[in-house]
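Residue numbers run from 1 in the order of the sequence given.
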Amino acid sequence: MENKEIETKTSDDIITVPTESSSDLAQKLEAKWYVLHTFSGYENVAKENLENMIEKFGLQDRILEVVIPMEDVVEEKNGKKKLVQRKAMPCYILAKIKYADDLWHNIIYTRGVTGFVGPKGRPLALTEEEVMKLRLEKIKVEVDLAAGDRVEIVDGPLNGMIGQITSVNGDMNQLTVNVEMFGRETAVDLEFAQVRKIN
């Protein structure tokens with residue numbers, strides 16, 4: 001009887017060939033926001049490593065933006081109040097991704113990222129309401145605001161304060177307002193929706 005060798009393949013031998021290129025896939029997919037979990041205190045490291053991974057593998061058309069959500073808070077230290085930025089969601093970063101399963105390994109094996117936030121660690125995109133609440137998308141708004149106008153701040157930690165606009169950036173839906181805070185003029189960057197013009 002002839003001795004036949006049986007060919008065995010391990011998972012390392014199997015090469016998956018994508019049926020379409022990443023750029024073709026990017027044109028078909030819709031970009032959505034996803035939440036990624038990070039190690040405590042590693043938000044900046046995870047963001048930087050994700051950006052390096054995007055550059056290394058040429059995924060700029062698939063992973064469009066990586067954001068660490070920040071918020072303005074008024075802190076009091078040694079009797080002095082100061083406006084500072086802090087992480088709004090410690091241990092989380094947000095990414096706008098044209099997601100398909102081919103990206104899963106690239107993202108979760110990025111140093112600092114522990115996984116996607118979703119059922120059983122699988123990606124679950126944020127709803128439109130969540131995206132709006134987190135102010136991740138800038139909606140182009142036509143407003144009647146100009147440098148020199150007086151406005152009242154209607155949202156955020158400076159709610160109720162009155163100030164004067166020093167500059168308006170229509171592309172970013174942002175403006176800079178000088179408010180009197182702690183006995184001196186302080187420039188604060190705000191979004192259009194956070195102010196109301198005073199006549």
With a 4.5 Å cut-off on side-chain heavy-atom distances among I, L, V, M, F, W and Y, is there a chain of contacts connecting Tyr109 to Ile63?
yes
Between Thr110 and Ala46, the two heavy atoms sitting closest are CG2-O, 4.4 Å
Is the count of non-hydrogen atoms from other residues, nucleotides or ligands lying under 6.0 Å from Lys87 atom NZ greater than 12?
yes
Using only atom types and a distance under 3.5 Å, with no angle test, would you say the side chain of Gln164 pairs donor to acceptor with the backbone of Gly148? yes
Sub-4.5 Å side-chain heavy-atom contact between Asp61 and Lys98: no
**Asked** Using 4.0 Å as the upper bound for N to carboxylate O, is an ion pair formed by Glu51 and Lys47?
**Response** yes
dist Asn49:CG -> Ile54:CD1 (nearest 0.5 Å) comes out at 11.0 Å
The reported gap from CZ in Arg196 to CD1 in Ile198 (rounded to nearest 0.5 angstrom) is 6.0 Å
Rounded to the nearest 0.5 angstrom, the CG-CD1 distance for Leu145 and Ile165 is 4.5 Å
request  = Decide if atom CD of Gln60 counts as having more than 12 heavy atoms of other residues, nucleotides or ligands within a radius under 6.0 Å.
outcome  = yes
When hydrophobic residues are tied together by side-chain contacts of less than 4.5 Å, even through go-betweens, does Val67 share a cluster with Tyr92? yes
| field | Close side-chain approach of Met53 and Ile107, heavy atoms under 4.5 Å | value | yes
Heavy atoms of Thr127 and Glu130 approach each other most closely as N-OE1, 2.8 Å
Thr176 vs Ser167, test: side-chain hydrogen bond (donor to acceptor under 3.5 Å, both in side chains). Steps then yes/no.
CA-CA 5 Å; Thr176 303; Ser167 68; 3.3 Å; yes
Salt bridge (Lys or Arg N to Asp or Glu O under 4.0 Å) pairs touching residues 106-119, sequence neighbours excluded, are none
To the nearest 0.5 Å, atom CE of Met132 lies from atom CG of Leu126 at 12.5 Å
Taking every heavy atom of Ser40 against every heavy atom of Cys91, the minimum-distance pair comes out as CA-SG, 3.6 Å
Transitive ILVMFWY side-chain link Val195 to Val168, under 4.5 Å:
yes
Heavy-atom closest pair (Ala125 atom, Tyr34 atom, distance to 0.1 Å) is N-CE2, 3.5 Å
Note: Ala100 and Leu29 closest approach over all heavy atoms is CB-CD1, 3.9 Å
Do Val66 and Trp104 land in one hydrophobic cluster if side-chain heavy atoms of ILVMFWY residues count as linked below 4.5 Å?
yes
Original post:
What about Ile68 and Phe116, same hydrophobic cluster or not, with Ile/Leu/Val/Met/Phe/Trp/Tyr joined at side-chain heavy-atom distances under 4.5 Å?
Top reply: yes
Is it the case that more than 12 heavy atoms not belonging to Glu55 sit under 6.0 Å from its CD atom?
-> no
The side chain to side chain contact (heavy atoms under 4.5 Å, CB included) partner of Val177 among Ile162, Asp149, Val151, Thr186 is Val151
Between the CD1 atom in Ile97 and the NZ atom in Lys32, the distance rounded to the nearest 0.5 Å is 12.0 Å
The side chain to side chain donor-acceptor pair (under 3.5 Å) partners of Thr114 (sequence neighbours excluded) come to His37
Apart from Val154 itself, members of its ILVMFWY cluster (side-chain separation under 4.5 Å) are none
- Residue pair Glu180, Met161: steps toward the side chain to side chain contact (heavy atoms under 4.5 Å, CB included) verdict: CA-CA 8 Å; Glu180 189 174 318; Met161 295 187 93; over 6 Å; no
The side chain to side chain donor-acceptor pair (under 3.5 Å) partners of Asn44 (sequence neighbours excluded) come to none
Residue set satisfying ring-ring contact (aromatic ring centres under 6.0 Å, His included) with Tyr42, at least two apart, ordered chain then number -> Phe39
Taking every heavy atom of Gly160 against every heavy atom of Glu152, the minimum-distance pair comes out as CA-OE2, 3.9 Å
Residue set satisfying side chain to side chain contact (heavy atoms under 4.5 Å, CB included) with Glu75, at least two apart, ordered chain then number -> Val73, Val84
Practice task
Evaluate the side-chain proximity of Leu136 to Glu65: yes if any heavy-atom separation is below 4.5 Å, no if none is.
Solution key: no
Taken to the nearest 0.5 Å, the spacing of Phe192 CZ from Asp144 CG works out to 11.0 Å
